[in-house]
A.B. asks: 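First, the structure itself, so that you have it in front of you.
Treat the numbers as computed from the prediction; the structure is a model and nothing was measured. Hydrogens, waters and symmetry mates play no part in the numbers below; they use all other heavy atoms, side chains included. Chain identifiers are assigned alphabetically (A, B, ...) following the order of the sequence lines, protein sequences preceding nucleic acid strands; residue numbering begins at 1 within each chain.
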Amino acid sequence: MSKDRVIFWFRQDLRIADNPALSAAAGTEKEVICLYILDDETPGEWAMGGAGCWFLHHALDSLDKDLKGLGSKLVLRAGNATEVLPDFADEISATAVFWNRLYEPYAIKRDKALKACLRERDIEVESSNASLLFEPWTVETKSGGPYRVFSPFWRACMRDCPSPDEPIKAPKSLKTPKQHPRTEKLDDWGLLPTKPDWAKGFAEIWTPGEQGAKDRLAWFLDEAAADYKDKRDRPGVRATSGLSPHLHFGDIGPRQIYHAARAQAEKQDGTAKSIEKFIAELGWREFSHHLLYHFPSLPTDNYQEKFDDFPWRDNDDDLKRWQEGQTGYPMVDAGMRELWQTGWMHNRVRMIVASFLVKHLMIHWRHGETWFWDTLVDADLANNSASWQWVAGSGADAAPYFRIFNPITQGEKFDPDGDYVRRYVPELANLPNKYLFSPWTAPDDVLKEAGVTLGQDYPEPIVDHSAARDRALGGYDDIKKAS
DNA sequence: AGCGCCTTGCC
DNA sequence: GCAAGGCGC
């Protein structure tokens, strides 16, 4: 075999445009072998969840087709990347490996070891940044050290950091060997759920892959961005970009979104405020990665240690009813069912259901984190753990624990027409808005007319709101006193 | 060192 | 009005 070949290792950057490490590999003018490794071992507890696997399957399928357009294709291998990658480099006599950086603690550790191992074998390694606007180690407070509060963090990014680079174009072609290395079959990886019914609704909503991501961004900028600021909190309205899974798997990158959004603000008068708000959401993603990078135990440990002593309740029945969307609080149940049916949940509703689990049910945020990990197509370690700790009150720059979302008034406020609840809790569809978010307050004749028998068609509330609120505040008093 | 500030709320 | 407390300059 010729010695003139390099490996491009795809990870969470499943795209060919604005992919700096892929372009660097192409720039060597050597043969480029595109590799994806399914590594369930290294992440340990954070091996990809079911919904993520569904998205990954289709994103890889799409990527392979895109690579074929460049005269290449994807080579699939499963196993522990720490072994698979060096073995593969030997197998094809690669002289260099290119990849884009990841920021999960396990990935940093693995990649560092791999770098050393490959260099020991005289194989060059070059890593690039495809996933973040700002590298976590480049943003520092004036006194040195990571930010712990979002607003000053994002101000510093916008003011002091170099502007994110313009996206780079996809390579026009990739030089590939006549004899391509052996690949495993995507279909053999079992990434699609064994219960096919589960993911049935996913495909109606998501188009994994680079083109799907581009289309979604274009739709958002053309159709929704102008109203983003006003409508982003309305789960019944299609007002958010839905780019989160694409960002996680990297079939689009944040620089592409950032610059396209900025360009839209230039082009369309009156959108500046909405676009700024949208870009700030990219900022939250950056902040989560910044936190995870600097506080690697974020996914498992309370950032504020006083929460170690919080009197969490262990209650499998309550947890199960939360997971299934059977709490008797329609806004909560709508959210949990949206999650199950679509692999996604509107951000406003994520806060409501998370607050309900952690405060009304007093169940540890880690149970919620684990459930979201398995069921979200956009499950992302940084975003998931930072956000759960934010809601739980245990995180950096977190919502105070005593700020308890009221699942009834949140519904009235953000789903005023009841469209969202009626879509996901159809058994209540005929209830008037007045009682839709608290059906147990409806007079008997109203329930009867709507065809609802509580406890039969739809559950009685699992807890009483105000009693649960008091109980949660009592728990917080305990750790306040102790600290 | 002291001060302003802090995504998303509740009653 | 209430609800802490710490961050960042």
A.B. asks: Suppose the criterion is side-chain hydrogen bond (donor to acceptor under 3.5 Å, both in side chains): which pairs have a residue in residues 196-209 of chain A, not counting sequence neighbours?
C.D. replies: none
A.B. asks: Who passes side-chain hydrogen bond (donor to acceptor under 3.5 Å, both in side chains) against His367(A), sequence neighbours left out?
C.D. replies: none
A.B. asks: Tell me the interatomic distance from Tyr147(A), atom OH, to dG6(C), atom C1', rounded to whole angstroms.
C.D. replies: 15 Å
A.B. asks: Under 3.5 Å, sequence neighbours excluded: what are the donor-acceptor pairs made by side chains of residues 453-460 of chain A?
C.D. replies:
residue	atom	partner	partner atom	Å
Asp457(A)	OD2	Thr453(A)	N	2.5
Tyr458(A)	OH	Tyr329(A)	N	3.3
Tyr458(A)	OH	Asp333(A)	OD2	2.5

A.B. asks: Once Watson-Crick and G-U wobble pairs under 3.5 Å are found, how is DNA chain C written in dot-bracket notation, 5' to 3', with | for any base paired to another strand?
C.D. replies: ||..|||||
A.B. asks: Using the test ring pair (Phe, Tyr, Trp, His ring centres under 6.0 Å), find all partners of Tyr293(A) that sit at least two apart in sequence or belong to another chain.
C.D. replies: Trp137(A)
A.B. asks: Could you tell me which residues satisfy side-chain hydrogen bond (donor to acceptor under 3.5 Å, both in side chains) with Thr42(A), sequence neighbours excluded, listed by chain and number?
C.D. replies: Asp39(A), Asn80(A)
A.B. asks: In whole angstrom, give the distance that lies between atom CG of Asp160(A) and atom P of dC9(C).
C.D. replies: 9 Å
A.B. asks: Under 4.0 angstrom, heavy atoms only, what part of the nucleic acid is Lys277(A) near: base, sugar-phosphate, or nothing?
C.D. replies: base
A.B. asks: For Asp308(A), give me all partners under side-chain hydrogen bond (donor to acceptor under 3.5 Å, both in side chains), at least two apart in sequence or on another chain.
C.D. replies: Asn302(A)
A.B. asks: Sequence neighbours excluded, which residues qualify as side-chain contact (heavy atoms from CB on, under 4.5 Å) partners of Pro105(A)?
C.D. replies: Leu292(A), Pro296(A), Leu381(A)
A.B. asks: Got a sec, which pairs hit salt bridge (charged side-chain N to carboxylate O under 4.0 Å, His left out) with one end in residues 226-254 of chain A, sequence neighbours left out?
C.D. replies: Asp227(A)-Lys231(A), Arg232(A)-Glu281(A), Asp233(A)-Arg348(A), Arg234(A)-Asp417(A)
A.B. asks: Check whether Ser274(A) reaches the backbone of Thr271(A) with its side chain - one donor and one acceptor, N or O, closer than 3.5 Å.
C.D. replies: no
A.B. asks: Output every pair passing salt bridge (charged side-chain N to carboxylate O under 4.0 Å, His left out) with a member in residues 426-439 of chain A, not counting sequence neighbours, ordered by first then second residue.
C.D. replies: Arg337(A)-Glu427(A)
A.B. asks: Could you state the atom-to-atom distance from CZ of Phe150(A) to C1' of dC6(B) in whole Å?
C.D. replies: 12 Å
A.B. asks: Quick one: Trp154(A) CH2 to dG8(C) C1', roughly how many Å, whole number?
C.D. replies: 18 Å
A.B. asks: What does the list of N/O pairs under 3.5 Å between the protein and nucleotides 8-11 of chain B look like, with a distance for each?
C.D. replies:
residue	atom	partner	partner atom	Å
dT8(B)	OP2	Arg403(A)	NH1	3.1
dT8(B)	O2	Arg348(A)	NH2	3.3
dC10(B)	OP1	Asn406(A)	N	2.4
dC11(B)	OP1	His465(A)	NE2	2.9
dC11(B)	OP2	Asn406(A)	ND2	3.0

A.B. asks: Does a side-chain N or O of Tyr476(A) approach OP1 or OP2 of dG5(C) to a distance below 4.0 Å, or not?
C.D. replies: no
A.B. asks: Output the single nucleotide from dG5(C), dC6(B), dG8(C) whose closest atom is nearest the side chain of Arg148(A).
C.D. replies: dG8(C)
A.B. asks: Find every protein N or O atom lying less than 3.5 Å from an N or O atom of nucleotides 2-4 of chain B, and list the pairs.
C.D. replies:
none

A.B. asks: Thinking salt bridges, do Arg110(A) and Glu104(A) make one under a 4.0 Å N-O criterion?
C.D. replies: no
A.B. asks: Between atom CZ in Arg155(A) and atom P in dC7(C), what is the gap in whole Å?
C.D. replies: 16 Å
A.B. asks: Rounding to a whole Å, what distance do you find between Phe307(A):CZ and dG5(C):C1'?
C.D. replies: 12 Å
